[in-house]
Amino acid sequence: MLLDGSFAEDTSKQEEITKVISEVFEVKTPLCCSSFAPADIKILDIPALLENRLKSEENDNNYPKYGRIGPKEVRFHRHKPSLREGIDSPDGIQIRSKTTFASMRTNSCVYEGKWMFEVTLGTAGVQQIGWATLACPFTDEAGVGDAEDSYAYDGKRQKKWSISPGTYGEDWAIGDVIGCCLDLEGNKITFYRNGKSMGVAFDSVKSKEEGLAYFPTASLSFGERSLMNYGSFPFQYPVDDFFPIQPNGDTIYANPTT
């Protein structure tokens, strides 16, 4: 559905289309109707939204019984003071950096299986997006990808990060949707830009070690902002065999036999 140029300036139209989408598809407001949205996003792909909703419902029936730890509702984790101070997040999924280099991680993590989340860019500057363990330290200069067992992609600099940087990926733009796929069966991490794979970024990710689990994580330079979708609404570009961090069922805990 292509919205004409008046949409971005017509609040009543925004509210009307937002209400329809929320009621019909039972999803949260898309980024294009959000206060964090760039003004030039004017396209709502309704057929794709419906198709992805159907895929989401199909995935619900096959959702892994184990492999994930945390609350049903996945949000930005606020318990650590340094995280609270550096990130502005009105709802736990829209994030904006308030400091030189601020980081966040979620309240849920995974330790086996195949998982993904999506990030829609509100700005296109320096952001390191990926996965990290609890051991990853967050400072004004270091974030996800700057420590052992943390992995990130930054499209501004076209780099991948895990302790040291390497050339990877494509130059990103405002409104891009970055898919972050963690395969703990094949020990790989792959990033997608608007549904297109940019290739395997990391192929020796540790897994199946005692106490080792990965959190969706992002580190943003000052003023950068993005929308994090852990599964609270259908992915724009779902990847086959990968599940959202946020389930639609009850809270999922660690396998009691491990």
Side-chain angles (χ1 to χ4, degrees), residues 8-9 11 14-15 18 22 27-44 70-71 73-108 116-132 136-146 150-159 161 169 171-180 191 193-194 215-233 235-236 244-246:
E9 301 175 356
T11 303
Q14 293 179 10
E15 293 176 350
T18 297
S22 298
V27 299
K28 290 183 176 293
T29 304
L31 180 65
C32 60
C33 301
S34 158
S35 61
F36 273 49
D40 59 350
I41 296 180
K42 303 171 187 174
I43 296 177
L44 294 178
E73 188 175 79
V74 181
R75 291 292 183 267
F76 161 50
H77 185 66
R78 294 178 173 275
H79 291 182
K80 191 174 181 180
S82 61
L83 301 186
R84 291 200 304 267
E85 295 166 1
I87 294 286
D88 175 26
S89 181
D91 56 9
I93 57 176
Q94 297 176 96
I95 60 172
R96 187 198 311 263
S97 173
K98 301 189 297 182
T99 60
T100 303
F101 197 60
S103 298
M104 56 73 61
R105 64 170 171 260
T106 59
N107 57 1
S108 299
M116 70 174 290
F117 65 98
E118 285 186 338
V119 181
T120 302
L121 302 176
T123 54
V126 173
Q127 302 186 41
Q128 292 174 205
I129 298 168
W131 302 84
C136 181
F138 295 141
T139 70
D140 288 339
E141 297 180 352
V144 57
D146 295 319
S150 69
Y151 308 89
Y153 161 59
D154 173 10
K156 173 65 175 180
R157 294 174 285 186
Q158 296 178 54
K159 298 287 187 182
W161 300 80
D171 186 17
W172 59 25
I174 293 173
D176 279 354
V177 178
I178 307 301
C180 306
F191 295 95
R193 179 175 176 238
N194 300 326
F215 297 77
T217 312
S219 300
L220 287 64
S221 60
F222 179 76
E224 294 298 310
R225 62 185 188 277
S226 284
L227 176 75
M228 316 295 287
N229 181 12
Y230 310 112
S232 55
F233 46 95
F235 289 142
Q236 294 191 50
I245 298 293
Q246 178 166 317

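Remember, predicted model here, so these are calculated numbers, not experimental data. Along the sequence shown, the residues carry numbers beginning at 1.
Closest heavy-atom contact between G175 and N194: O-OD1, 4.5 Å. Among all heavy-atom pairs drawn from F101 and S219, the shortest one is CZ-CB, 3.5 Å. Considering every non-hydrogen atom in both I174 and G122, the closest pair reads CG2-O, 3.8 Å. Nearest heavy-atom pair across A132 and S150 is CB-CB, 3.6 Å. Between W172 and R193, the shortest heavy-atom distance links the atoms CA-NE, 3.9 Å. Between F117 and G130, the closest heavy-atom pair is CZ-O, 3.4 Å.
Rounding to the nearest 0.5 angstrom, the gap separating the CE atom in M104 from the CZ atom in F215 is 11.0 Å. Here the straight-line distance linking atom OH of Y151 with atom SG of C136 works out to 11.0 Å at 0.5 Å rounding. Once rounded to the nearest 0.5 Å, the distance linking CD1 of I95 with CG of L220 reads 4.5 Å. Note that the CD atom of E118 and the SG atom of C180 stand 8.5 Å from one another [nearest 0.5 Å].
For F191, the ring-ring contact (aromatic ring centres under 6.0 Å, His included) partners two or more places apart in sequence, or in a different chain, are Y153. Legend: residues meeting salt bridge (charged side-chain N to carboxylate O under 4.0 Å, His left out) with D171, ordered by chain and number and at least two apart, are absent.
No donor-acceptor pair under 3.5 Å is formed between the side chain of Q246 and the backbone N or O of Y230. Between the side chain of S89 and the backbone N or O of Q94, at least one donor-acceptor pair lies under 3.5 Å. When atom types are taken as modelled, the side chain of N229 and the backbone of P244 share no donor-acceptor pair closer than 3.5 angstrom. Listed for the T123 side chain is a donor-acceptor partner under 3.5 Å among the backbone atoms of R225. Side chain of D154 to backbone of V126: no donor-acceptor contact under 3.5 angstrom is found.
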Stepwise side-chain contact (heavy atoms from CB on, under 4.5 Å) check, E224 with K156: CA-CA 11 Å; E224 294 298 310; K156 173 65 175 180; over 6 Å; no
Stepwise side-chain contact (heavy atoms from CB on, under 4.5 Å) test for Q128 and D146: CA-CA 10 Å; Q128 292 174 205; D146 295 319; 3.6 Å; yes
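T106 is not listed as a side-chain neighbour of M228, based on a closest heavy-atom distance of 4.5 Å or more. I93 places a side-chain heavy atom less than 4.5 Å from the side chain of L227. Here the side chains of V119 and V177 are not in contact, with every heavy-atom distance at 4.5 Å or above. Between L121 and I129 the shortest side-chain heavy-atom distance falls below 4.5 Å.
Taking 4.0 Å as the cut-off between side-chain N and carboxylate O, D88 and K98 do not count as a salt-bridged pair.
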